[in-house]
> 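Take this structure first; my questions come after.
Values in this document were obtained by computation on a predicted structure and should not be read as measured data. Below, chain A is the first sequence line, B the second, and so on; all start at residue 1.
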Amino acid sequence: MIKPENQISLPTQVPTGPRLTIPLRFRDRRRITIMLTLLVLAYITLITLPTMIPSHFKLGAALMSFTENIKIMFLQPHLTNTTFLTLLGALGQSILLAFLTTLLGSVLAFFFALASTRRLAPTPLVLGIQSLMAVIRAIPTVLWVLIYSVVFGLGADAAVVGITFHSVAYLTKVYADSMDELSPDSIETMQAMGLKKGTIIRQAVIPYLVSSYFSWTFIRFEINFADAIAVGAAAGAGGIGYQLFMSSSFYFNFHEVGVMVYMILAFALVLEIISYRLRSVTNQ
Amino acid sequence: MLTVNHLAKSYDGEKKSLTDVSFSVRSGEVTVIIGPSGAGKTTILRSINQLIRDDEGEILFDQIDMRQLNRVQLRRARSHIGMIFQSYNLIEPLTAIENVLHGCLGTKSNFAGIFSIYNNREKEEALKLLQKVGLEEFAYQQCRNLSGGQKQRVGIARALMQHPKIILCDEPIASLDPKSTITVMDILRGLAVNDGISVLINLHQVDIAREYADHVIGINNGQVVFDDRTQALSDAAITGIYRKNANLEGSLVHES
């Protein structure tokens with residue numbers, strides 16, 4: 001964290017005298033700090049990399065088996081232990097898990113965001129909610145699911161609560177940021193007309209928020225879909241992640257893994273198309 | 001109608017941005033405040049509806065001191081004070097008629113505000129007001145698609161929807177082209193003459209003030225330096241109003 005007084009210290013006068021080139025920026029302390037940090041990190045990386053490779057490591061053999069596995073997964077995908085319908089059902093479960101948690105998260109986060117916007121809420125409340133949400137966000141979704149599985153037991157319940165929990169914290173921040181970006185003028189104008197707070201939020205804040213609300217919620221849906229897959233494997237929440245875990249770590253059947261990866265990729269492509277359409281609709 | 005007595009205001013506690021400002025605004029008249037940038041014109045206007053809380057003084061609006069009102073009373077008083085802004089301050093994604101209807105929400109419940117519940121009488125009035133400012137065919141257009149002059153006319157219709165006794169205009173024409181300027185100023189003048197509304201306008205353009213004002217108040221450095229009928233606004237008086245910031249503002253005055 002850079003202290004405010006150490007931030008950009010621009011010279012007040014343009015340096016005079018003969019110069020070969022005209023600089024676009026002055027060399028300020030912040031830029032020098034960033035450059036030094038990068039240099040130190042590069043040095044550490046260079047000396048650590050050789051020591052990381054163990055003595056029995058054979059690069060050639062490792063590369064060979066890597067390409068072999070990739071080939072099995074992506075060029076020879078087929079099913080032996082399970083059926084395509086089962087996997088489709090499992091994919092559906094993961095999608096529904098992502099949908100449910102996003103829906104719950106976006107509704108709850110909307111109200112938290114209103115209470116953590118500086119223009120609408122008292123400062124102690126804003127700071128309280130923002131720091132609580134920052135703490136929740138700092139812990140990864142999968143960990144939250146594992147924490148909740150202590151209460152609910154491993155399975156779908158813990159997954160729903162855990163993913164929702166992290167979604168609320170994430171969406172609260174992005175919604176509140178979008179609200180803070182709004183021009184204060186429209187809120188002030190409404191106050192000047194003697195409108196009540198609820199009316200101001202509905203008539204002056206929400207109209208500007210609709211498009212960013214949808215796009216952020218959709219991004220979170222994509223994140224939640226990825227998390228739902230991870231959680232299915234890690235916390236036994238079912239869905240395509242659980243199937244993926246069984247095939248890859250239990251049966252070592254990389255042909256099946258390939259099928260599932262293609263299914264997930266196909267759905268990700270569908271999401272991408274939907275988000276494109278959504279953008280062109282909300283931007284109108 | 002509106003009387004301001006001994007209004008003083010400082011933002012940082014030391015430097016006064018207003019010192020002892022007193023003037024009054026009569027019903028059915030256009031009163032224009034002129035003066036150099038930073039003289040305190042906006043502060044005066046915003047103090048009247050208490051968007052800026054002043055430090056000292058008295059703001060009598062219909063014999064009630066705006067400074068003494070509690071939150072609920074202030075909200076009620078504000079619902080009958082129209083305000084027009086340089087940057088229009090419409091809710092751009094909403095349609096013109098929705099923006100005009102916001103003007104009547106001040107006297108309605110939060111429930112009506114949240115669910116946008118308006119009765120037919122209110123909708124008819126909104127359409128009539130849009131007609132009055134010549135925008136009836138734009139009623140269902142999103143405001144972000146309107147031109148600057150059109151937006152300002154929507155802003156005026158919104159203010160009228162409040163059934164205001166006074167309309168405060170903060171640099172209403174500063175972002176407009178000459179043709180829109182005349183349209184907007186004609187409408188504002190009409191409101192005073194025909195509807196008996198007091199119109200208080202902050203202006204930069206002295207020639208516009210001369211043409212449209214009944215009464216002119218000159219502000220310089222947080223003080224009233226001119227307060228008289230428009231006829232008395234001689235060239236010498238204008239030079240006096242803009243005197244102290246001669247370097248910055250002198251050229252502006254000569255241009256206009």
Side-chain angles (χ1 to χ4, degrees), chain A residues 4 106-115 117-123 125 174-175 177-218 278-284, chain B residues 45-46 48-52 69 71-95 98-118 142-145 155 158-164 167-170:
Chain A
S106 68
V107 172
L108 291 172
F110 179 72
F111 291 101
F112 279 117
L114 286 179
T117 307
R118 273 170 202 283
R119 268 188 220 117
L120 301 171
T123 314
L125 187 66
V174 294
Y175 293 165
D177 282 353
S178 313
M179 288 183 203
D180 278 331
E181 275 167 28
L182 297 181
S183 152
D185 294 347
S186 46
I187 294 173
E188 193 187 40
T189 308
M190 298 281 143
Q191 284 168 343
M193 293 196 291
L195 304 196
K196 300 182 184 78
K197 196 168 256 183
T199 306
I200 294 176
I201 291 168
R202 167 62 185 83
Q203 300 292 345
V205 177
I206 292 182
Y208 284 106
L209 212 62
V210 174
S211 68
S212 60
Y213 182 87
F214 276 114
S215 63
W216 279 116
T217 309
F218 197 79
L278 204 66
R279 225 173 301 149
S280 54
V281 169
T282 51
N283 280 353
Q284 270 170 10
Chain B
L45 212 65
R46 288 177 177 236
I48 291 169
N49 61 5
Q50 293 287 290
L51 280 179
I52 291 173
L69 302 179
R71 252 183 54 207
V72 177
Q73 292 168 324
L74 178 61
R75 204 160 59 208
R76 270 194 213 124
R78 278 174 174 176
S79 70
H80 293 294
I81 299 177
M83 193 157 189
I84 287 162
F85 302 84
Q86 176 182 349
S87 48
Y88 329 122
N89 295 11
L90 302 177
I91 309 302
E92 305 252 321
L94 299 183
T95 60
E98 282 175 304
N99 270 286
V100 175
L101 282 166
H102 284 166
C104 72
L105 281 175
T107 52
K108 291 168 71 104
S109 69
N110 231 340
F111 183 82
I114 289 169
F115 293 98
S116 306
I117 299 166
Y118 307 102
Q142 275 192 333
C143 285
R144 63 159 66 106
N145 298 329
R158 177 173 67 181
L160 289 176
M161 196 72 197
Q162 294 175 253
H163 304 288
I167 294 185
L168 311 171
C169 312
D170 193 6

> Check this for me: Arg118(A), atom CZ, are more than 12 non-hydrogen atoms of other residues, nucleotides or ligands nearer than 6.0 Å?
no
> Find the distance between OG1 (Thr189(A)) and CD1 (Ile84(B)) and round it off to the nearest 0.5 Å.
11.5 Å
> Any sub-3.5 Å donor-acceptor pair from Gln203(A)'s side-chain atoms to Gly113(B)'s backbone N or O?
yes
> Can you measure from CG (Leu51(B)) to CD (Glu188(A)) and round to the nearest 0.5 angstrom?
4.5 Å
> Tell me, for Glu98(B) versus chain A, whether the close heavy atoms (under 4.5 Å) come from the side chain, the backbone, both or neither.
neither
> Can you tell if the side chain of Phe85(B) reaches within under 4.5 Å of the side chain of Asp185(A), non-hydrogen atoms only?
no
> On a heavy-atom basis, which atom in Pro207(A) and which in Pro93(B) lie closest, and how many Å separate them?
O-CG, 3.5 Å
> If I measure from the heavy atoms of chain A, does Ser116(B) come under 4.5 Å with its side chain, its backbone, both, or neither?
both
> Side chains of Thr199(A) and Asn110(B): is there a donor and an acceptor less than 3.5 Å apart?
yes
> Report which part of Leu74(B) has an atom under 4.5 Å of a heavy atom belonging to chain A: side chain, backbone, both, or neither.
neither
> For residues Arg75(B) and Gln191(A), determine if any side-chain heavy atom of one lies less than 4.5 Å from a side-chain heavy atom of the other.
no
> Roughly how far apart are Ile91(B) CD1 and Ile206(A) CD1, rounded to 0.5 Å?
12.0 Å
> Between Arg202(A) (side chain only) and Phe115(B) (backbone N and O only), is there a donor and an acceptor less than 3.5 Å apart?
no
> Taking atom CZ of Phe112(A) as the centre, does the number of heavy atoms from other residues, nucleotides or ligands within less than 6.0 Å exceed 12?
no
> As an exercise: rank Glu92(B), His80(B), Gln50(B) by heavy-atom pairs under 4.5 Å with chain A and give me the winner.
Glu92(B)
> Starting at CD of Gln162(B), measure out to CE of Met193(A) and round the result to the nearest 0.5 Å.
5.5 Å
> Taking side chain as everything from C-beta outward and backbone as N, CA, C, O, which of these in Ile81(B) sits under 4.5 Å from a heavy atom of chain A? Side chain, backbone, both or neither.
backbone
> How far apart are the closest heavy atoms of Leu195(A) and Gly106(B), and which atoms are they?
CD2-N, 3.2 Å
> In terms of heavy-atom proximity below 4.5 Å to chain A, should Arg46(B) be classed as side chain, backbone, both, or neither?
side chain
> Between Ala204(A), Ala192(A), Ser186(A), which residue shows the highest count of heavy-atom pairs closer than 4.5 Å to chain B?
Ala192(A)
